Number of protein chains: 2
Amino acid sequence: MGTQLLNEQTCYERLRNWIIDGTLQPNERLIELELTARLGVGRATIRTVLARLEQEGLVVREPNRGARVRFVSHEEALEILEARTAIESLLARFAAMRAQPADVAQMRDLLEQMRACIEHGDLVSYSTLNTALHRAIAEAARHRTAARLLETLGSQSVRYQYRTILAPGRPATSLTEHSAVVEAIAAHDPDAAEQAMRAHLSGVCEALRRLRQGL
Amino acid sequence: MGTQLLNEQTCYERLRNWIIDGTLQPNERLIELELTARLGVGRATIRTVLARLEQEGLVVREPNRGARVRFVSHEEALEILEARTAIESLLARFAAMRAQPADVAQMRDLLEQMRACIEHGDLVSYSTLNTALHRAIAEAARHRTAARLLETLGSQSVRYQYRTILAPGRPATSLTEHSAVVEAIAAHDPDAAEQAMRAHLSGVCEALRRLRQGL
DNA sequence: GTTAACAATCTTGTAGACAAAATTGTTGAG
DNA sequence: CTCAACAATTTTGTCTACAAGATTGTTAAC
């Protein structure tokens, strides 16, 4: 067990990762003393970290009743995706305006890797590359405010990220949608980039909605 | 001085308000012991509150160097406004889809009051009503996720909110833009509502950019 | 007059302790 | 057997104290 000496920041990142990767499951109670033992820090530190995570939307705290991992329902996941659509469209637009050649090269590289993943049927790696591409676009946009919003939104909905990819035929269409976004950015066409990103995420939305029906 | 007994939540709200209303100025250092005296709570409480405010973007904390009120530059104010445009367009769209008659009635009431304010030249009240209207639209949209994002974005940029209104002729055009948004919502026309809101906030963006030139 | 080293002060980071509240478990009456 | 009241335990909320780091002010050398 990791009983290292940690400062607040690393402690925050650890706990955050545990929530994101599912080590700590939704609705699971986060008992301060327990985390104290697991992370090797005092309760005061745990407390501030939990407060930060609450503000970030990963944790829910109720007065005198402690903290728990926030459970994100299907409805909320959809809301988050809708909000992401708005933000990522903005980012795509700005990426088209401000992307450097190096940015575009990286995006194309990622796209190529994604293509390979689909050929080999490696959907897990595909999903990882997918988030990497979205991150690359966000960076190319050089828009800190929007990027920060996207970061928090993304962390809240990771639980649902893998599911949409599993829909039949979804990976292939996903790839062509991504290509369209990248090409619009490469062509420095803001309107096209925004539109392509919106179309792509609408597709994901639709896939998630359909999954919900089938459940 | 308010040396009441406060719990964490009220303490958080107080400090937040002090930052938003300018009692605590940008870049001002927030010394824990001092806040302890002002708010009548222990340092641990102050500490968690500062952590929350940092996550919200109102405060900056550096390790071993304490916290200070975050200074939002003109560039950042513009970024925030751009992000707001994306989120509020989404909210306008959903408001058009989900607004109840009562929601629309409230919006029209607010619009009427705004019109009166402009006639009397009361720009301060106009600004207050302005935020009230935007809040009403957000509520009518019934989209918690987007509303939450907007809330945090708004609190970060209040400092720049009054300035755009002061541009010559801006209040009048602002009012007609708002009318267009409300009417589109009342007509349950999502596309028109989104477009009208986007047009409105682009106008504000433009006004802010022009102000920046004149400075 | 300027700069460097050192000391004093201030501020933050963290741990430990205690009281208040909530939860859980137990007992006894119906 | 079920339910309510009560006691024990757990957990949170807060404060105080101390150590570590940063800042400021002073002195002395050049």
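The sequence lines fix the lettering, A, B, ..., with proteins before strands; numbering per chain opens at 1. Note that the structure is a prediction, hence the values are computed from the model and not measured.
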Residues 130-149 of chain B vs ring-ring contact (aromatic ring centres under 6.0 Å, His included), sequence neighbours excluded, gives F94(B)-H143(B), H134(B)-H178(B), H134(B)-H200(B)
Atom pair distance, as rounded to whole Å: [atom1] in [X] and [atom2] in [N]:
X	N	atom1	atom2	answer
R47(A)	dT14(D)	CZ	P	7 Å
E54(A)	dT12(D)	CD	P	14 Å
R29(B)	dT23(D)	CZ	P	8 Å
E32(A)	dG13(D)	CD	P	6 Å
R43(A)	dT10(D)	CZ	P	15 Å
L39(A)	dT14(C)	CG	P	12 Å
I46(B)	dT14(C)	CD1	P	18 Å

How long is the gap from OG1 on T145(B) to CD on E76(A), to the nearest 0.5 Å?
-> 6.0 Å
Spacing of I80(B) atom CD1 and C205(B) atom SG [to the nearest 0.5 Å] |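 One finds 11.5 Å between CD1 of I80(B) and SG of C205(B).
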When you match A44(B) and L33(B) each to their closest nucleotide on DNA chain C, which lands nearer the 5' end?
->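 First, find each residue's nearest nucleotide; the 5'-ward one identifies L33(B).
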Which is true for L30(B) with a 4.0 Å heavy-atom rule: it touches a base, it touches only sugar-phosphate, or it touches nothing?
->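 Here L30(B) touches the backbone only, sparing every base.
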Matching residue for D103(A) among R142(A), R98(A), R135(A) - test: salt bridge (Lys or Arg N to Asp or Glu O under 4.0 Å) =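 The single option meeting the salt bridge (Lys or Arg N to Asp or Glu O under 4.0 Å) with D103(A) is R142(A).
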Shortest non-hydrogen contact from R170(A) to G203(A)?
-> NH2-C, 3.4 Å
Proximity to DNA chain C (any heavy atom under 4.0 Å), residues of residues 55-68 of chain A only | N64(A), R65(A)
Compute whether any side-chain donor of one residue and acceptor of the other, for T10(A) and N7(A), lie under 3.5 angstrom apart.
->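 Their side chains do contain a donor-acceptor pair, which is all the 3.5 Å distance test asks for.
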